[in-house]
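Here's the structure, in structure tokens; my notes come after.
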Number of protein chains: 2
Amino acid sequence: MYQQLIKFITDRVQLNEADLQQVLSHFKPLDAKKNELVGRTGDLSRRMFFVNKGCLRVYFIKPDGREATRRFAFENTFSTSLASFIGGTLLKEDTQAVEQSELLYISREDFYALLNTIPAWEKFYRGFLEHAYIINTTRLEDFITLNPRERYQLLLEENPEMVLRLSNKLVANYLNITQEALSRIKSGS
Amino acid sequence: MYQQLIKFITDRVQLNEADLQQVLSHFKPLDAKKNELVGRTGDLSRRMFFVNKGCLRVYFIKPDGREATRRFAFENTFSTSLASFIGGTLLKEDTQAVEQSELLYISREDFYALLNTIPAWEKFYRGFLEHAYIINTTRLEDFITLNPRERYQLLLEENPEMVLRLSNKLVANYLNITQEALSRIKSGS
DNA sequence: TTATAATATTGATCCTGATCAAAAAATCAT
DNA sequence: ATGATTTTTTGATCAGGATCAATATTATAA
């Protein structure tokens, strides 16, 4: 149950057994059915999820009422609605289990408390933030420099799992193009 | 010289006088003429800048040879080519003084060394990363949800200084639209 | 299995913002 | 101050991807 999480943490930061147990004690398991929302816009409950199995999708609703996907999180990754997690504000995004998923989560309160008691956890969070920043910057750069076809081809090269595992609808949404456009791109026309 | 920097730091994190002096001792002044590059793509020297006066612009060159602006940093803000600063890699962006500028900078090596010796500095950096993440996420969201006219209007509301202080060319580049398009937007056509 | 809904494909048309081009205005250097 | 360069404006045309619409395919549930 906690093996993947333990490996994820200890691969990134050094901490003694007591501290590790202290950290783990705040993580609770959560099973989610396919399409279930484990976080909803407006919720006060902000959680950091670790995906043991399955896939999470974070998305928000655009002013025109349509959805826009922020990211997908597959096995062995952390995911949260980070802006709200950081700011302690109401959730501004939904988090959806795209597949039946097995999750572990820690509340924002517990997470931040650990930052003050376990220096290694502060380091861990720093690494998480640095990584999140890089991912985000790269994604922004891709939107600025690439057209839809190029964005799809890059995704296929760098993240084939997303294309293989997710529906066209979701992939198109992630790329910020229409299903029709993605269909045409895939058929090579 | 260091007053603005001291205020910036002490507004965000608590640290004793000795630690503060220890931090400040690593910051060196740098004056930059208008249009001077204080960081160049390919450089090994990665610095975190604090803008006492003036304005920095971080940009990269797109595959088609054109520039794309990542951000502007006016007075009393930190700025760096963050992806390279984090990763310790060669710079992938230029940093340009858009106006004659008075800067303070700290090297990546000194910055990271402080993280290990001064816990408050780790907190300070955490805050910086959290803020950078939020800014970046918001910017990505704006690109996904808004058209050029809407992006300009939002900039005008939320950051009028940019529009007032920078040339149309730079503002257009930041918004990822052509000068012609911005000119037409401004004239309300 | 069958009915129903959701997703994917294909075609026709439209619209926004890019591109190309030229003139006007502003800025800069000597 | 004056000439040279850069920036801004304005006009005409073009193209990529959205939209609308209809059909085909796949997935889901009873």
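Residue numbers start from 1 in every chain, and the chains themselves are labelled A, B, ... in the order their sequence lines are given, proteins ahead of strands.
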Whether Tyr174(B) and Phe72(B) hold their rings parallel, tilted or perpendicular, with breakpoints at 30° and 60°: tilted

Aromatic plane relationship, Tyr125(A) with Phe85(A) - under 30° parallel, 30 to 60° tilted, over 60° perpendicular: perpendicular

Test side-chain contact (heavy atoms from CB on, under 4.5 Å) applied to Tyr133(A) and Ile86(B), step by step: CA-CA 9 Å; Tyr133(A) 179 85; Ile86(B) 289 172; 4.2 Å; yes

Between [N] ([atom2]) and [X] ([atom1]): distance, integer Å:
X: Leu170(B); N: dT6(D); atom1: CG; atom2: P; answer: 14 Å
X: Arg151(A); N: dG17(D); atom1: CZ; atom2: C1'; answer: 10 Å
X: Asn173(B); N: dT7(D); atom1: CG; atom2: C1'; answer: 14 Å
X: Ile185(A); N: dA8(C); atom1: CD1; atom2: P; answer: 14 Å
X: Asn35(A); N: dA29(D); atom1: CG; atom2: C1'; answer: 14 Å

Residue [X], side-chain heavy atoms: nucleotide from [options] that is nearest:
X: Lys169(B); options: dG17(D), dG11(D), dT8(D); value: dT8(D)
X: Ile177(A); options: dG17(C), dA18(D), dT8(D); value: dA18(D)
X: Gln179(A); options: dG11(C), dT10(D), dA8(C); value: dA8(C)
X: Arg184(A); options: dT19(D), dG11(D), dT8(D); value: dT19(D)

Along DNA chain C (nearest heavy atom to each residue), the more 5'-positioned of Ala181(B) and Glu180(A):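 This one resolves to Glu180(A).
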
Phosphate-side-chain proximity, [X] and [N], N/O vs OP1/OP2 below 4.0 Å:
X: Thr178(B); N: dA18(C); value: yes
X: Asn168(B); N: dT9(D); value: yes
X: Lys34(A); N: dT28(D); value: yes

Donor-acceptor pair, side chain of Ser101(A) and main chain of Ala32(A), under 3.5 angstrom: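 No; zero donor-acceptor contacts below 3.5 Å.
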
Under 3.5 Å: donor-acceptor pair, side chain of Asn159(A), backbone of Glu161(A):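 No.
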
Of residues 58-71 of chain A, the positions that come close to DNA chain D - non-hydrogen atoms, cut-off under 4.0 Å: Arg66(A)

side-chain contact (heavy atoms from CB on, under 4.5 Å) assessment of Lys186(B) paired with Tyr152(B): CA-CA 9 Å; Lys186(B) 278 187 151 185; Tyr152(B) 171 72; 3.3 Å; yes

